[in-house]
Amino acid sequence: MRISVSSDMDEPVARLLVSELRRRGHDVRAHGALREGADPRWAVCSQAAARDVAEGTADQAVVCCWTGTGASIAANKVPGVRAALCPDAATADGARRWNDANVLALSLRLTSEALLKEILDAWFAAEPSRDPEDVENVARVDRLDAARHGA
C-alpha cells in the first residue's frame with residue numbers, strides 16, 4: 001500500500017512510524033519534518049499528505065503533530081479526505097469501520113511505541129462497514145464535502 005506520512009516535528013515516534021510502515025511492506029512518502037527541505041508546518045505538511053490521498057498518489061495517509069488535532073483539521077480540509085484522530089486502537093478500528101477514514105491522525109505527545117503498533121494493527125485490520133446505515137453516513141459526509149467545495 002502507498003502511504004503518505006507527515007509530521008511537523010522530527011520526533012522519535014514519527015521516525016518509528018515511518019520505519020514501522022516500511023517494515024509492514026508499505027511504500028512510504030514522507031512530508032514535513034520527515035523529508036529534507038520540506039515545509040514542516042503542521043497545516044502545510046498535513047495538507048500535502050492528505051492531498052496525496054485525494055489525488056490517488058497514496059492509498060492512505062498518517063498525519064502527526066504534537067496533539068494530532070491540528071494535523072487532523074488540516075487534512076480534513078482536503079476534499080475527499082476523512083481524517084480521524086485516533087488515540088487508541090479501538091478508535092482506529094471504529095474510524096476505519098464506521099467512518100471509512102482514509103487518513104489516520106496521531107499525537108506525537110501521547111503515542112508510545114507500543115500504542116503506535118496497536119493503533120496501526122487495528123487501522124490496517126479493519127475494513128469499512130457494509131452496513132447500509134454506515135454506508136449512508138459516509139455518503140452523506142461525502143455529499144457535505146462536495147457541497148462545501150461547490151461540486
Quick one: CG on Asp8 to CG on Leu108, what's the gap to the nearest 0.5 Å? 6.5 Å
From Asp88 atom CG to Thr111 atom OG1, the distance as rounded to the nearest 0.5 Å: 10.0 Å
I want to check something: taking the side chain as every heavy atom from C-beta on, are Val13 and Cys64 in contact at a cut-off of under 4.5 Å? no
Heavy-atom side-chain proximity of Gln60 to Leu104 below 4.5 angstrom: no
To the nearest 0.5 Å, tell me how far Ile3 CD1 sits from Phe124 CZ. 3.5 Å
Would you say Arg143 has more than 12 foreign heavy atoms packed within less than 6.0 Å of its CZ? yes
Mind checking whether Leu17 and Leu120 have side chains closer than 4.5 Å, heavy atoms only? yes
Do Trp42 and Thr67 have side-chain heavy atoms sitting under 4.5 Å apart? no
So do the side chains of Val81 and Asn102 get within less than 4.5 Å of each other, counting heavy atoms only? yes
More than 12 heavy atoms of other residues, nucleotides or ligands under 6.0 Å from CD of Glu133: is that the case? no
In the single-linkage hydrophobic clustering (I, L, V, M, F, W, Y; side-chain heavy atoms under 4.5 Å), do Ile119 and Trp66 co-cluster? yes
Between Pro128 and Val138, is any pair of side-chain heavy atoms under 4.5 Å apart? no
Please name all residues satisfying salt bridge (Lys or Arg N to Asp or Glu O under 4.0 Å) with Asp121, sequence neighbours left out, ordered by chain then number. Arg24
Should Val18 and Leu106 be regarded as members of a common hydrophobic cluster, given that ILVMFWY residues are connected when their side-chain heavy atoms come within less than 4.5 Å of each other, either directly or indirectly? yes
Residues passing the salt bridge (Lys or Arg N to Asp or Glu O under 4.0 Å) test with Glu113, sequence neighbours excluded, are Lys117
Atom CZ of Arg2: over 12 foreign heavy atoms under 6.0 Å: yes
For Ser4, all residues meeting side-chain hydrogen bond (donor to acceptor under 3.5 Å, both in side chains), sequence neighbours excluded: Asp52
Note, Arg22 side chain near Val28 side chain (heavy atom, < 4.5 Å): yes
